[in-house]
Protein chains: 2
Amino acid sequence: MSTTEAKTTTRNTIQRTLVLEAVQSLYNHPTSDQVYEVVREKHPNISRATVYRNLGFLADRGDILRVEVPNGADRFDLTNSLHYHMKCKHCGQIFDVSIPYKDELSKIGQTDEGFLIDSHQIMFEGICSCCCEK
Amino acid sequence: MSTTEAKTTTRNTIQRTLVLEAVQSLYNHPTSDQVYEVVREKHPNISRATVYRNLGFLADRGDILRVEVPNGADRFDLTNSLHYHMKCKHCGQIFDVSIPYKDELSKIGQTDEGFLIDSHQIMFEGICSCCCEK
DNA sequence: ATACATGCAAACACTTTGCAGCACA
DNA sequence: TGTGCTGCAAAGTGTTTGCATGTAT
């Protein structure tokens, strides 16, 4: 074995484990900062840089999903299912939305302009139920 | 007249005019920085703050469209038509995409969660034609 | 004349990076 | 035991804000 092995040695540090667990426990697309705060309860010395690095690592590896939010901090999510988000114009919070996922939009393949599409995100905007009530 | 007038006095400064003209001339969703550079050719003393303030003002007023880009500078566009964008994973640039606009997505109204949707943006991801060729 | 707009610089929010030391495999 | 990872601090990017001054109406 292993003349052609990529040899991507990856270490399971406490920090990395805690970051993953934090995202899993905070199912509500936490920001890096929220993850940082949760991890800090168990491991007070962790640095923000480590949280950022591990969130990026876990997202690249596919363990978690990075939701890039326009004009806001990135959110991290479980990779359970593809779904869309909405941003409340009033309070700025991000919510999952039950609108059915449009697989066909990622399967467009090549556009007229010659772009190869392989994924998409939809960000709905409006007013969330909390803000509606006020 | 004018006991109930909102009295939103708005001034047409050279700076504001130049910012609008710059967005109109740079039809390719310029960033604030690109607008700044163009305006500076005619009005070298303009400050970035003024460009930001005017882009925001013009967008709020509806003269131009703000396209919020995840993990990137906001882009500004003419308000001609609603369309989607794609972000090249390779070069990071933003392009218009010819995929038909889905009016029905903004007409969803209320979701199961009780959110009132009034607009949406779709960001496709993939590889642009320039990067494909390489 | 007045108050909206400007220019400047400092502050801000979020994220990345350089580097020396640490610890997992 | 070696190198991947960490913590720290500094830097980077994009944007906003406080304040004194300027200027369009």
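Letters go in sequence order (proteins before strands), and every chain restarts at 1.
Panel note: side chain A:E113, backbone B:S98; a donor-acceptor pair is recorded below 3.5 Å. Although no hydrogens or angles enter the test, the distance criterion places no donor-acceptor pair under 3.5 Å between the side chain of B:Y36 and the main chain of B:T50. Side-chain N or O atoms of A:Q34 include one that pairs as donor or acceptor with a backbone N or O of A:T31 at under 3.5 Å. Distance alone, capped at 3.5 Å, is enough to place a donor-acceptor pair between the A:S25 side chain and the A:A22 backbone.
For B:L18 and C:dG7, the CG to P distance is 10 Å, given to the nearest whole Å. D:dG14 atom C1' lies 13 Å from atom CG of B:L55, rounded to whole Å. For the pair B:R66 CZ and D:dG14 P, the interatomic distance rounds to 14 Å; values are reported in whole Å. Between the P atom of C:dC14 and the CG atom of B:D74 lies a distance of 14 Å, rounded to the nearest Å. One atom, CZ of B:F57, and another, C1' of C:dC4, lie 10 Å apart when rounded to the nearest Å. Residue B:Y36 contributes atom OH, which lies 14 Å from atom P of D:dT15 at whole-angstrom precision. Between the C1' atom of D:dT13 and the CD atom of B:Q34 lies a distance of 15 Å, rounded to the nearest Å. For the pair B:E68 CD and C:dA13 C1', the interatomic distance rounds to 15 Å; values are reported in whole Å.
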- request: Could you give me the CA-CA distance, side-chain angles and deciding distance for B:K107 and B:E104, then say whether salt bridge (charged side-chain N to carboxylate O under 4.0 Å, His left out) is met?
  value: CA-CA 5 Å; B:K107 289 182 183 152; B:E104 68 274 19; over 6 Å; no
Verdict with supporting geometry, A:Q15 and A:R53, side chain to side chain contact (heavy atoms under 4.5 Å, CB included): CA-CA 10 Å; A:Q15 290 89 338; A:R53 277 187 287 234; over 6 Å; no
task: Decide yes or no on side chain to side chain contact (heavy atoms under 4.5 Å, CB included) for A:D77 and A:I64, but give the supporting numbers first.
output: CA-CA 6 Å; A:D77 216 349; A:I64 61 176; over 6 Å; no
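Within residues 45-54 of chain B, the residues having any heavy atom closer than 4.0 Å to DNA chain D are, in order of number, B:A49, B:Y52, B:R53.
The two residues A:V69 and A:D74 have their closest heavy-atom pair at N-OD1, 4.0 Å.
Contacts of A:S32 with the nucleic acid, taken as non-hydrogen atoms under 4.0 Å apart, involve only primed sugar atoms and P, OP1 or OP2.
Looking only at atom types and distance, the side chain of B:D96 has a donor-acceptor partner in the side chain of B:H83 under 3.5 Å away.
Geometrically, B:R16 engages B:F57 in a cation-pi contact, judged by NZ or CZ lying under 6.0 Å from the ring centre and within 45° of the ring axis.
Taking a cutoff of 4.0 Å between a charged side-chain nitrogen and a carboxylate oxygen, B:D33 and B:R48 qualify as a salt bridge.
Nearest nucleotide to the B:R16 side chain, out of D:dT15, C:dT15, C:dA5: C:dA5.
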- line: Letter by letter from the 5' end, nucleotides 20-25 of chain C scores (B base, S sugar-phosphate only, - none; protein heavy atoms under 4.0 Å) ---BBS
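The bend of the helix from C:dA1-D:dT25 to C:dA25-D:dT1, defined by the angle between the axes of its first five and last five pairs, stands at 30° to the nearest 10°.
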